[in-house]
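Encoded as structure tokens, the structure appears first; notes follow it.
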Amino acid sequence: MVLKDLCDRIVAAKCSSKSSTEIVDNTQVPASSKAGSSDIHSRNSGWAAAVRKVVSGGSMRRFQERVLGSCRTDVSSSDGDIWLLGVCHKISQHESTGDVDIRNVFAAFEQDFFSRILITYRKGFDAIEDSKYTSDVNWGCMLRSSQMLVAQALLFHKLGRSWRKTVDKPVDKEYIDILQLFGDSEAAAFSIHNLLQAGKGYGLAVGSWVGPYAMCRTWEVLARNQREKNEQGEQLLPMAIYVVSGDEDGERGGAPVVCIEDACKRCLEFSRGLVPWTPLLLLVPLVLGLDKVNLRYIPLLQSTFKFPQSLGILGGKPGASTYIIGVQNDKAFYLDPHEVKPVVNITGDTQEPNTSSYHCNISRHMPLDSIDPSLAIGFYCRDKDDFDDFCSRATKLAEESNGAPLFTVAQSRSLPMQVTSNSVSGDDTRFEEDDSLSMNLVNDAGNEDDWQFL
């Protein structure tokens, strides 16, 4: 009962920390989706020691389940095929073909899941700036979830989607290079230390929780800072970042718009005008309801995992972020940052570094309709053809949304035109005038209560 009461108070503190609103693109975003105030720990200092005792006593998993709900690890072929970051594991079709076949399919899924990079709470790192924090337990889950998404983008870029981590072969140098970027010190480019520094303008602070929108913008700032620091050298994040927002003045709300001209501009800026297109990381922050996700968006969220460009979703329960990497019917498979692990220093000169703490062999899942409505979807486009394919798929998905798309695609913000699903083909992109612009860029009045402003 002591642990239950403690967890109740932790959850209450997380919820109460979301009482303010955040100004985003000149509009007010309801507090249920945004970061908490920076004084969570000071207001609850009376029981902070008890929290540390729970963690050090090995009860972190029970606390995490109190927040996220009991995690499930069973995977059944009767629930259909699994889509994991753009790859389909056809479990259901092997159900009646014999035990050997289905075991092989399950093994392929497990190997794919295991190969995704897991980044969790850490303890024992150097204090962050002038604070006394040497751990991010209880507040760093959104930062860790975002690190995982960016780490997968780097894996796809450097090693390809088909790469798998093996235990009987030497590790790939590119893989080790990626892990080094996410170490827990200021020396690591994409560490929690540097994320907090880059995100100060968006409310990031040591010890406080942060929302998906602020997290996406923070990566934009951090990537720019790192690019300027390594102006003459190799870019540590070898791709442009495009955070997809709503209409240009931000006052009408509605579905965010993937603007092709904006994407091209990001690529040109990244290459300093040398080439018209570069690899692109798209981040799409969304708010899909008030206290819970509106059910009309669930099929659309499921469909995004079928995109070859899929990088999954930053999402979870309120105040408890996870990294969702796959779906099976109504299940959402996720990597969980809420396990506390000691700091690991991985260096390039280590013969065989121990990277076991960066992977998980337990495939946890939760109901997709139970996640927080404030989330962010990620996509990685390797080149212009890949981006065109993404636009075609995204437009088709919007056309099938019955007037409530997750996001739309347009060539320009200034032209009342919509890209159609059969009009994106290389450089011959054609556009079709659409009198229902208000449907594409802004939800109609009938949907107004289901969308929050971004």
Side-chain angles (χ1 to χ4, degrees), residues 32-33 61 64-92 106 109-110 112-120 141-142 144-149 151-153 211-212 215-216 283-289 291-339 359-379 397 401 406-407:
S32 61
S33 66
R61 172 56 52 195
Q64 180 268 345
E65 291 185 0
R66 176 67 180 172
V67 177
L68 283 177
S70 296
C71 66
R72 301 292 300 279
T73 59
D74 56 302
V75 180
S76 171
S77 60
S78 62
D79 290 329
D81 297 334
I82 298 175
W83 281 92
L84 191 71
L85 299 183
V87 172
C88 182
H89 294 276
K90 296 184 178 298
I91 289 175
S92 59
F106 273 118
F109 161 70
E110 290 171 351
D112 192 359
F113 189 95
F114 172 73
S115 298
R116 301 311 107 213
I117 292 177
L118 169 71
I119 302 180
T120 69
C141 56
M142 177 58 75
R144 298 302 187 179
S145 298
S146 75
Q147 286 179 318
M148 286 190 264
L149 187 149
Q152 306 314 319
M215 197 71 254
C216 291
L283 300 173
V284 190
L286 297 168
V287 183
L288 303 179
D291 297 325
K292 60 182 181 180
V293 174
N294 189 301
L295 295 181
R296 75 177 67 186
Y297 299 115
I298 297 300
L300 304 178
L301 290 174
Q302 292 169 327
S303 293
T304 64
F305 288 94
K306 299 179 182 180
F307 286 33
Q309 302 83 10
S310 171
L311 284 176
I313 296 174
L314 300 182
K317 297 295 182 66
S321 176
T322 63
Y323 176 38
I324 300 172
I325 61 173
V327 292
Q328 184 188 32
N329 198 1
D330 60 352
K331 297 176 181 177
F333 290 90
Y334 64 93
L335 292 173
D336 183 12
H338 295 89
E339 184 176 352
H359 297 273
C360 179
N361 57 8
I362 300 175
S363 53
R364 297 185 173 90
H365 60 81
M366 60 182 167
L368 185 59
D369 61 6
S370 70
I371 66 174
D372 193 304
S374 178
L375 51 89
I377 312 177
F379 301 96
L397 187 63
S401 67
L406 293 174
F407 53 90

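For the numbers below, each heavy atom of this structure counts, side chains included, while hydrogens, waters and symmetry mates do not.
Judged purely by atom type and a 3.5 angstrom limit, S310 has no side-chain atom pairing as donor or acceptor with the backbone of K306. Between the side chain of R144 and the backbone N or O of I119 there is no donor-acceptor pair closer than 3.5 Å. In terms of modelled atom types and a separation under 3.5 Å, the side chain of H338 and the main chain of T120 share no donor-acceptor contact.
Under the 4.5 Å side-chain criterion, counting only non-hydrogen atoms from C-beta, I362 is not in contact with D336. Considering only heavy atoms from C-beta on, L406 stays 4.5 Å or farther from V284 through its side chain. Within the 4.5 Å cutoff, no side-chain heavy atoms of I325 are placed close to those of M148. L286 has its side chain within reach of L375: a pair of non-hydrogen atoms, C-beta onward, lies under 4.5 Å apart. Residues I324 and M366 have side chains in contact (heavy-atom distance under 4.5 Å, counting atoms from C-beta outward). Contact check for F113 versus L335: side-chain heavy atoms found under the 4.5 Å cut-off. When side chains are defined from C-beta on, P367 does not count as touching D330, because their heavy atoms never get closer than 4.5 Å.
Between atom CD1 of residue I298 and atom OG of residue S370 there is a gap of 8.5 Å, rounded to the nearest 0.5 Å. With values rounded to the nearest 0.5 angstrom, Q328 atom CD is found 9.5 Å from S363 atom OG. Expressed to the nearest 0.5 Å, how far CG of L368 lies from CG of L295 amounts to 10.0 Å. The OG1 atom of T322 sits 8.5 Å away from atom CG of L314, with the distance rounded to the nearest 0.5 Å. Separating the CG atom in L288 from the CG atom in N294 is a distance of 8.0 Å, to the nearest 0.5 Å. If you take CD1 on I377 and CZ on F407, they are separated by 6.0 Å, rounding to the nearest 0.5 Å.
G319 and C141 make their closest contact through O-SG, 4.0 Å (heavy atoms, listed as atom of the first residue, atom of the second, distance). For the residue pair S401 and L300, the shortest heavy atom distance occurs at CB-CD1, 3.9 Å. Scanning both residues, S303 and L397, for their nearest heavy atoms gives CB-CD1, 3.6 Å. Closest approach of A376 to C216, counting heavy atoms only: CB-SG, 3.7 Å.
Taking the six-membered ring for Trp and the full ring otherwise, F333 and F109 have centroids separated by under 6.0 Å.
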Check the pair Q152 / Y323 against side chain to side chain contact (heavy atoms under 4.5 Å, CB included), numbers first and verdict last.
CA-CA 11 Å; Q152 306 314 319; Y323 176 38; 3.2 Å; yes

